[in-house]
Amino acid sequence: MSQLQRIAIAPSQFQQGQILLTKEQQHYLGRVLRLREGDRFIAMDGKGKWWLSQLAGEQARVLEALLVETELPVSITLIVALPKGNGFDEVVRCCTELGVTCIAPVLSDRTLLHPSPQKLERWRRIAAEAAEQSERSFVPTILEPVTFNTGLSLVISHLSFANSQQYICEARGEFPHLKDCLQPKGQMTNDIGQETIVIATGPEGGWTTQEIENAIAFGFEPVSLGRRILRAVTAPVVALSLITAACEV
């Protein structure tokens, strides 16, 4: 199926064995991808469902449901202090490719960017495109930007502490490396259910001492990503890469 084009649809577009295509999707399939009546493609709803579909005029006929196993055995939530400029676009794109489940952008004491509501819509669109490109079964959830402390409260309130790990990355100080804190392959899930890993990465200039202390109070363990100082857009990608390497089976 890898040679077939893929498009992301809303779950509501799948109705009674048909996919009701929007005008934009019809244009994309016909004019951009050059698909013709009867050509096949893959539709994915971003919620874990894929369908082999056949173009039929202004809609598509579903031929069969597909089983796709591209997701990680763990759920990863990334709390990331918003970097300056358009750097967060690349964070969303790369971390979606790496398998992140949820991204929670936060405004820290040293955050330079205060995004507009249009930014959130853009980030969600980038996540959908990256999930489509990387053959993800799910599109990551992108939360609305909030203050760091509010973000900690929101994320922690949804966790089962018996089945979760929480880390905050800090470039300065003598902290253990993230790779040495993660459980070995095959031990990331248990009878309680899917393991959840929460990882927080800071802004330009790093977290403040108070922010580190607040995270520790919420059950986070400070960790290092190595001896070098990473850019705010690099640290999330390194953290997700380390987690993926540790848990992919």
Side-chain angles (χ1 to χ4, degrees), residues 1-73 75-78 80 82-83 85-105 113 115-145 194 233 236-237 240 244 248:
M1 297 300 174
S2 59
Q3 76 276 15
L4 295 180
Q5 298 288 349
R6 299 175 299 278
I7 67 164
I9 66 168
S12 59
Q13 289 179 252
F14 175 71
Q15 296 182 14
Q16 299 177 331
Q18 305 283 336
I19 294 174
L20 308 181
L21 299 170
T22 65
K23 293 293 184 182
E24 292 80 7
Q25 289 166 342
Q26 292 172 32
H27 177 270
Y28 180 69
L29 290 168
R31 298 296 181 88
V32 179
L33 299 182
R34 303 292 186 184
L35 297 188
R36 299 178 180 179
E37 185 95 6
D39 284 349
R40 297 181 176 190
F41 64 95
I42 293 172
M44 46 174 283
D45 71 350
K47 303 292 184 181
K49 294 181 179 178
W50 283 37
W51 297 280
L52 176 62
S53 308
Q54 187 176 44
L55 195 58
E58 297 182 354
Q59 58 188 18
R61 182 182 303 109
V62 172
L63 301 178
E64 63 177 294
L66 302 175
L67 177 62
V68 180
E69 298 179 336
T70 55
E71 296 299 315
L72 296 170
S75 172
I76 306 172
T77 293
L78 171 67
V80 55
L82 285 167
N86 291 324
F88 195 66
D89 291 7
E90 196 61 23
V91 171
V92 171
R93 183 175 293 108
C94 291
C95 291
T96 296
E97 292 178 22
L98 287 166
V100 76
T101 307
C102 175
I103 301 178
L113 176 70
S116 65
Q118 291 75 24
K119 284 281 189 179
L120 180 60
E121 183 180 333
R122 172 180 171 81
W123 296 332
R124 287 173 172 166
R125 186 172 64 251
I126 290 172
E129 292 171 353
E132 182 181 321
Q133 178 272 323
S134 57
E135 300 190 12
R136 292 278 308 271
S137 296
F138 293 88
V139 176
T141 300
I142 313 293
L143 302 179
E144 293 187 16
Q194 188 180 45
V233 295
V237 178
L240 261 293
T244 300
E248 193 110 55

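Just so you know, residue 1 is the first one in the sequence shown, and it goes up from there.
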Do Gln13 and Gln18 get their side chains close enough for a donor-acceptor pair, meaning under 3.5 Å? no
Give me the atom names and distance for the closest heavy-atom approach of Ser12 to Gln15. O-NE2, 3.1 Å
Would you confirm whether Gln25, through its side chain, and Thr22, through its main-chain N or O, come within 3.5 Å as a donor-acceptor pair? yes
Straight-line distance of Arg125 CZ to Leu120 CG, nearest 0.5 Å: 11.0 Å
To the nearest 0.5 Å, tell me how far Ile7 CD1 sits from Glu24 CD. 11.5 Å
Decide side chain to side chain contact (heavy atoms under 4.5 Å, CB included) for Lys119 and Leu82; before the verdict, give the C-alpha distance in whole Å, the side-chain angles of both, and the deciding distance to 0.1 Å. CA-CA 11 Å; Lys119 284 281 189 179; Leu82 285 167; over 6 Å; no
Quick check: closest heavy atoms across Phe41 and Leu35, and the distance to 0.1 Å? CB-CD1, 4.0 Å
Looking only at heavy atoms, the pair that brings Trp51 and Ala65 closest together is CD1-CA, 3.9 Å
Atom CD of Glu58 with >12 non-hydrogen neighbours under 6.0 angstrom: no
Is Glu144 atom CD crowded by more than 12 heavy atoms from other residues, nucleotides or ligands, each under 6.0 Å away? no
Enumerate donor-acceptor pairs with a distance under 3.5 Å from any side-chain N or O in residues 91-100 to protein atoms, sequence neighbours excluded.
residue, atom, partner, partner atom, Å
Arg93, NH1, Glu90, OE1, 2.9
Thr96, OG1, Val92, O, 2.7

Rounded to the nearest 0.5 angstrom, the CZ-NZ distance for Phe138 and Lys49 is 10.0 Å
Strictly distance-based, threshold 3.5 Å: is any side-chain N or O of Glu71 a donor or acceptor partner for the main-chain N or O of Ser137? yes
For the residue pair Gln54 / Arg40, report whether a side-chain donor-acceptor contact shorter than 3.5 Å exists. no
Under 4.5 Å between any side-chain heavy atoms of Thr244 and Leu72, yes or no? yes
Any donor-acceptor N/O pair, Ser53 side chain to Val62 backbone, under 3.5 Å: no
Would you compute the distance between atom CG of Leu4 and atom CG of Leu52 and round it to the nearest 0.5 angstrom? 6.5 Å
For the residue pair Glu135 and Arg6, what are the closest heavy atoms and their distance? OE2-NH1, 3.2 Å
I would like to know whether Ile103 and Phe88 meet side chain to side chain contact (heavy atoms under 4.5 Å, CB included); could you show each step before the answer? CA-CA 11 Å; Ile103 301 178; Phe88 195 66; 3.6 Å; yes
Under 3.5 Å, is there a donor-acceptor pair between the side chain of Arg124 and the main chain of Ile142? yes
Any side-chain heavy-atom pair from Asp89 and Asn86 closer than 4.5 angstrom? yes
First locate atom CD1 of Ile9, then atom CG of Leu21, and finally report the distance between them rounded to the nearest 0.5 Å. 8.0 Å
Stepwise, does the side chain to side chain contact (heavy atoms under 4.5 Å, CB included) test hold for Cys102 with Leu143? CA-CA 8 Å; Cys102 175; Leu143 302 179; 3.9 Å; yes
The reported gap from CD in Gln26 to NZ in Lys23 (rounded to nearest 0.5 angstrom) is 5.0 Å
Hey, mind stepping through Val139 and Asp45 against side chain to side chain contact (heavy atoms under 4.5 Å, CB included) and telling me if it holds? CA-CA 8 Å; Val139 176; Asp45 71 350; over 6 Å; no
